[in-house]
2 protein chains.
Amino acid sequence: MTYGSEKIPLHCSKCPLRRLDLFLPFDEEEIKFMESFKSGDMIVEPGTHLFIEGAEAAQLYTVLSGLGIRYKTLENGRRQVVNFVMPGDFLGLQAGVMQKMSHSIEVTTKMRLCVFERSRFYELYKNQPDRGYSLTYLAALEEYFLAEALTTVGQRGALEKVSWGLHRFRIRGEALGLLKNGKVPLPFKQQDLADALGLSLVHTNKTLAKLRSDGIANWQDGELEVKDFQALTKLAMVEDFELPKRPLI
Amino acid sequence: MTYGSEKIPLHCSKCPLRRLDLFLPFDEEEIKFMESFKSGDMIVEPGTHLFIEGAEAAQLYTVLSGLGIRYKTLENGRRQVVNFVMPGDFLGLQAGVMQKMSHSIEVTTKMRLCVFERSRFYELYKNQPDRGYSLTYLAALEEYFLAEALTTVGQRGALEKVSWGLHRFRIRGEALGLLKNGKVPLPFKQQDLADALGLSLVHTNKTLAKLRSDGIANWQDGELEVKDFQALTKLAMVEDFELPKRPLI
DNA sequence: CGCCTGATTGATAGTTGTCAAGTTAAGTGG
DNA sequence: CCACTTAACTTGACAACTATCAATCAGGCG
């Protein structure tokens, strides 16, 4: 490990994420088990690749803070951003059950991780059925988000796509308690969003400019400010969207 | 249930799907448990909706034979086909762990199903850790397929998309033992494929015509004949694709 | 100050969508 | 048994959206 990683002991019971409404509650016994299951903490720098598409992985992670990107690459060099990684996400579930990962994960901002050993993965199912259940839950959630993204990329136009993306960022950021003064941090590049939506960088840029000049949303200097949430919601066609609660591993 | 359903007892140990190489092996005890877990068989006619987006579901299914479509609809009336349902697929996992389904499932050809009660879902985790593990496995597989589809819809051009779709059908059909005389059954409509790839019906049709006139693949009368598999593979940009084995529930 | 990355903008080209009409095959009712 | 209807598939013409190309601009950093 030359990740520039360092030890930072943090007991699960003190995990700041638990306080968030976004996550399903934990009982004492579960916390105790997870504490024993956890093999350590780790901090990684921007640019680090936590997983590489097609490779096996010895460690699995829960994101405590920081942001990243899940992506797949094609023979022709193009890249599809499959999802954005945010605190609370469990990374490596695929490597846990299947042999390898189907996508890569790159760290965008300094990230703090909780580390687990893949070799002990099956223990969860054997000793803690609830935790196994939670893992299926998380996998089903990922499936849900991916289906939404697929629908967006397949059926929405450019303005709707970008609106959908920003709406999604705003909702997730808010649920994580990152909303301050009407703004959520959004330190990704326009190219990242373009690759997530299946649009070209240029067209994404122009669409963002339109949302800005129409007074709907402002994404600049790594921060997103939604000025007219209702209009954004309408453009994104997600009238009744509610971010589902999720288990924390 | 007015689905025109009928009873057809079939013991799990005699399930014809087990013989296929596509599925991971089962031991005696597992078969015994599944037999007790299963609540019945059912046959449904084309046009039936097994699940409706957003609704809760009391039953979960394993597809024994027949084909179907998973899809989501948007406010503007457009439809995204999220995946095609084939024998061996487990339906309703999302409803099992989360409250509701994020997509609908419609039956395309007469389908035979193995039925389970959602209320007993948690038993799997409690009493049969291996089965719980398998469910996570299946969910992770779905995630994998969805990510592939997302990459296709987001980053490939029309000819590549259609090639990818046909390649996928050919591979899945073959793995299910449906390949006969170089043909696999493909009883979907062009509109279904178009909705899966994020293309218009007209353009999909014209792209299929091109593949046909180029002597690469022929999809007509509900059957797909791949005449130049290598060329198709190249167009689809899936050089080293291997269909992963999967557990059967 | 020069270099590099990311963002921005205008001009142009191309792929894909939309419209409309026609064909084929299969069913339905008189 | 035959006209009529309907669903799915075809095909050509045209419009629209989005990509690509090419510059320019702004900020960070050695």
Side-chain angles (χ1 to χ4, degrees), chain A residues 45-47 67 69 74 76-81 106 108-109 152-166 185-214 217-225 235, chain B residues 45-47 67 69 74 76-81 106 108-109 152-166 185-214 217-225 235:
Chain A
E45 296 298 321
L67 301 173
I69 289 182
L74 270 76
N76 62 11
R78 301 187 64 161
R79 176 182 81 145
Q80 174 69 39
V81 170
E106 179 175 0
T108 302
T109 65
T152 295
V153 175
Q155 307 300 334
R156 290 190 236 251
L159 183 59
E160 300 159 350
K161 285 183 182 178
V162 173
S163 300
W164 178 85
L166 296 186
L186 193 51
F188 297 107
K189 291 181 286 191
Q190 293 186 353
Q191 183 72 63
D192 297 328
L193 181 59
D195 287 345
L197 299 174
L199 291 175
S200 71
L201 167 62
V202 174
H203 201 59
T204 301
N205 177 287
K206 287 172 178 166
T207 307
L208 284 168
K210 173 157 178 51
L211 285 173
R212 197 179 310 136
S213 71
D214 286 355
N218 224 313
W219 175 24
Q220 270 169 331
D221 304 317
E223 286 189 323
L224 168 65
E225 178 177 19
L235 277 176
Chain B
E45 296 298 320
L67 301 172
I69 289 182
L74 270 78
N76 62 9
R78 302 186 62 161
R79 177 182 80 146
Q80 175 68 39
V81 169
E106 179 176 1
T108 301
T109 65
T152 294
V153 175
Q155 307 299 335
R156 289 189 236 252
L159 182 59
E160 300 158 349
K161 285 183 182 179
V162 173
S163 300
W164 178 85
L166 296 186
L186 194 51
F188 297 107
K189 291 181 286 190
Q190 292 186 355
Q191 182 73 64
D192 297 328
L193 181 59
D195 288 344
L197 299 174
L199 291 174
S200 71
L201 167 61
V202 173
H203 201 61
T204 301
N205 177 287
K206 287 172 178 167
T207 306
L208 284 168
K210 173 155 177 54
L211 286 173
R212 197 179 310 138
S213 71
D214 285 355
N218 224 312
W219 176 23
Q220 271 168 331
D221 304 316
E223 287 189 323
L224 168 66
E225 178 176 19
L235 278 176

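By convention in this document, chain letters (A, B, ...) are assigned in the order of the sequence lines, proteins followed by strands, and residues within each chain are numbered from 1.
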Run the side-chain contact (heavy atoms from CB on, under 4.5 Å) check on Trp219(A) and Leu211(A) step by step: do they pass? CA-CA 9 Å; Trp219(A) 175 24; Leu211(A) 285 173; over 6 Å; no
Separation of dA7(C) atom C1' from Leu186(A) atom CG, nearest Å, is 14 Å
Indicate whether OP1 or OP2 belonging to dA7(D) is found under 4.0 Å from a side-chain N or O atom of Gln191(B). no
Rounded to the Å, how far apart are Gln190(B) CD and dT23(C) C1'? 13 Å
Tell me the interatomic distance from His203(A), atom NE2, to dC17(D), atom C1', rounded to whole angstroms. 7 Å
Assign Gly222(B) to base, sugar-phosphate, or nothing according to its heavy-atom contacts below 4.0 angstrom with the strands shown. nothing
Taking atom P of dA19(D) as reference, at what distance in whole Å does atom CZ of Arg156(B) sit? 17 Å
At under 4.0 Å between heavy atoms, what does Leu201(A) touch on the DNA or RNA strands: base, sugar-phosphate, or nothing? nothing
Among dC19(C), dG17(C), dT9(C), the one nearest any side-chain atom of Val202(B) is dC19(C)
Integer-rounded Å distance: dT10(D) C1' and Lys189(B) NZ: 17 Å
Round to a whole Å and report the spacing from CD of Gln220(A) to C1' of dG27(D). 13 Å
Whole-Å distance, Leu159(B) CG to dG14(C) C1', equals 15 Å
Presence of Asn205(A) side-chain N/O under 4.0 Å of dT8(C) phosphate oxygens OP1/OP2: yes
Can you check whether any acceptor in the base of dG17(C) is under 3.5 Å from a donor in the side chain of Lys206(B), or vice versa? no
Is Leu208(A) touching bases, backbone alone, or none of the nucleic acid, heavy atoms closer than 4.0 Å? nothing
Drop me the distance from Leu199(B)'s CG to Lys161(B)'s NZ, to the nearest 0.5 angstrom. 4.5 Å
Does Asn76(A) have more than 12 heavy atoms from other residues, nucleotides or ligands lying within 6.0 Å of its CG? yes
Can a side chain N or O of Arg212(B) be found less than 4.0 Å away from OP1 or OP2 on dT10(D)? yes
CG on Leu186(B) to CG on Asn218(B), rounded to 0.5 Å: 11.5 Å
Residue from Asn205(B), Asp195(B), Thr204(B), Thr207(B) passing side-chain hydrogen bond (donor to acceptor under 3.5 Å, both in side chains) with Gln190(B): Asn205(B)
Nearest-Å distance for atom pair CH2/C1', residues Trp219(A) and dA7(C): 11 Å
